[in-house]
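First up is the structure itself, then whatever we jot down about it.
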Amino acid sequence: MAVIRGRQFFQNPGPTNIPDRILRAMDRSVLDFNGPEFRAIAERCTDGLKRVFKTEHAVLSYAASGHGAWEAALVNVLSPGDKVLALESGYFSGGWAKLGGVLGLEVEVLSTDWRRGADAGAVEARLAADRARDIKAVLLVHNETSTGVANRVTEVRHALDRADHPALFMVDVISSLASFDFRMDEWRVDVVVGGSQKGLMLPSGMSYTAASAKALKAVEHAAMPRGYWDWRPLLAGTRQARFPGTAPVHFFFGLQEALTMLEEEGLDQVFARHHKLAEATRAAVRAWQQNDGPQLFAADPRVYSDSVTSVLVPEGHDAEAVRRLAYERFNVQLGTGLGPLAGRVFRIGHMGDLNEPMLLGALAAVEMAMELVGVPHGKGGVAAAMASLTAVARQAAA
Ligand SMILES: *Cc1c(COP(=O)(O)O)cnc(C)c1O
């Protein structure tokens, strides 16, 4: 393959770009993970994570991918054979449901249109029909990274409330946390699953679970076998006091820097930046949609994701060819279509450490790749994105 110079543009919807500041923060010698210096860093990080999760409750960290935190969440609050209602509308929500089945839970999958996401009315109807209160937990993925559909957490919360159902409400925020609004306590979420390599701008390999008081009560009678994931030996009250084995010390150096960066910018500004970049991406796709071109996979503006956009290519064309060419020719890394969306969509991640010119460069490469591959599209996607970003910048300057 030809040598390509210049920086890679990394637009995967996870992992995301790791800022140099975070890489530098991790470039230091190790600390005793039982010593006071590391303890202080871990405590500060836990407090910072609580501000990002918007919770006063317990937050636990592990050396694990998001899949590990998925498992930790299930095994700590449930018992073998417990019924859980999994709201499936994509590859990741389907994956969490499948994992529950592997672990011995009785998983009822409530599927909805992948282009529209979870249907709160259907959730309410199903919960209201569960008169015996057999359903112990409802599983929701906040942002379906495979589809670019952001589920409305509050609507699902209201469905539980209207059905007056006591099930635990468990939400995966792996690709929404620190990218757009999530409020664990205000939205009364019982178990939250987060990961390091998306909005938090860290390498992959660390994950987090937060647990409400109700979830911590469930821990006491949960009977799922658990060792590495067991919260009980890790917690002193509602604070994490230990790790299952050696703590991931260098991750905490990075996490501390990531939290500092988020606080310097301000979470609301972080969300506004993600919204602005997402809107520009959507403006580009709308321009490309001319001439029977590709379209946004998300079919309802109320569920547009501010962290990832899935682009559905026209029937008879190969999304993977666009993705491959963008990478091989222009060194722009896009997300692939997952599961049944393989070859049908490519995904443009726009979360984490990203600004306007980085996004515009990536969109330009996508537009060139569609041209070279022969996917029909309208011209001027990049210009439409520039117009969208210019309007925001003008407003900010006024
Ligand atoms: C990335 C992702 C996961 C999986 O995280 P891993 O760290 O790869 O295990 C789960 N859920 C969602 C919504 C994701 O975006």
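Keep in mind that this is a model prediction, so the values were computed, not measured. Numbers here simply count residues along the sequence, with the first being 1. Counting starts at 1 for both ligands and their atoms, following the listed order.
- Protein heavy atom nearest atom 11 (N) of ligand 1, with residue, atom name and distance: Asp172 OD2, 2.7 Å.
- Annotation for ligand 1: atoms under 4.0 Å from non-hydrogen atoms of Ser65 are 6 (P), 7 (O), 9 (O).
- Under a 4.0 Å criterion applied to the non-hydrogen atoms of Ser175, ligand 1 contributes the atoms 13 (C), 15 (O).
- None of Tyr208, Phe33, Phe243 except one satisfies the ring-ring contact (aromatic ring centres under 6.0 Å, His included) rule with Phe252; the exception is Phe243.
- Residues Thr145 and Ser175 have side chains that bring a donor and an acceptor to within less than 3.5 angstrom of each other.
- Heavy-atom separations between Trp70 and ligand 1 include at least one value shorter than 4.0 Å.
- Annotation: atom 15 (O) of ligand 1 to nearest protein heavy atom, Thr145 OG1, 2.4 Å.
- Among all protein heavy atoms, the one lying closest to atom 9 (O) of ligand 1 is His67 ND1, 2.5 Å.
- Heavy-atom proximity to Asn143, at under 4.0 Å, picks out these atoms of ligand 1: 13 (C).
- With a heavy-atom cut-off of 4.0 Å, Val193 does not touch ligand 1 at all.
- A donor-acceptor contact closer than 3.5 angstrom is absent between the side chains of His274 and Lys276.
- For Thr112 and Asp119, the side-chain atoms include no donor-acceptor pair closer than 3.5 Å.
- Set against the non-hydrogen atoms of Gly66, the atoms of ligand 1 under 4.0 Å away are 5 (O), 6 (P), 7 (O), 9 (O).
- Aromatic rings of Tyr62 and Trp229 (six-membered ring for Trp) have centroids within the 6.0 Å cut-off, being under it.
- Of the protein's heavy atoms, Ile174 CD1, 3.3 Å lies nearest to atom 10 (C) of ligand 1.
- Ring centroid separation for the pair Tyr91 and Trp114 does not come in under the 6.0 Å cut-off.
- At least one heavy atom of Lys198 sits under 4.0 Å from some atom of ligand 1.
- Here Arg126 does not pair with Asp130 in a salt bridge; the nearest charged N to carboxylate O distance is not below 4.0 Å.
- Connection of Ile135 to Leu139 is not established within any shared hydrophobic cluster, with ILVMFWY side chains joined at heavy-atom distances below 4.5 Å, either directly or through further cluster members.
- Residue-level proximity to ligand 1 for Gln197 is carried by the side chain, the only part with a heavy atom below 4.0 angstrom.
- Against a heavy-atom cut-off of under 4.0 Å, Val141 is close to the following atoms of ligand 1: 13 (C).
- Considering NE2 of His317 and CD of Glu315, their distance stands at 9.5 Å, rounded to 0.5 Å.
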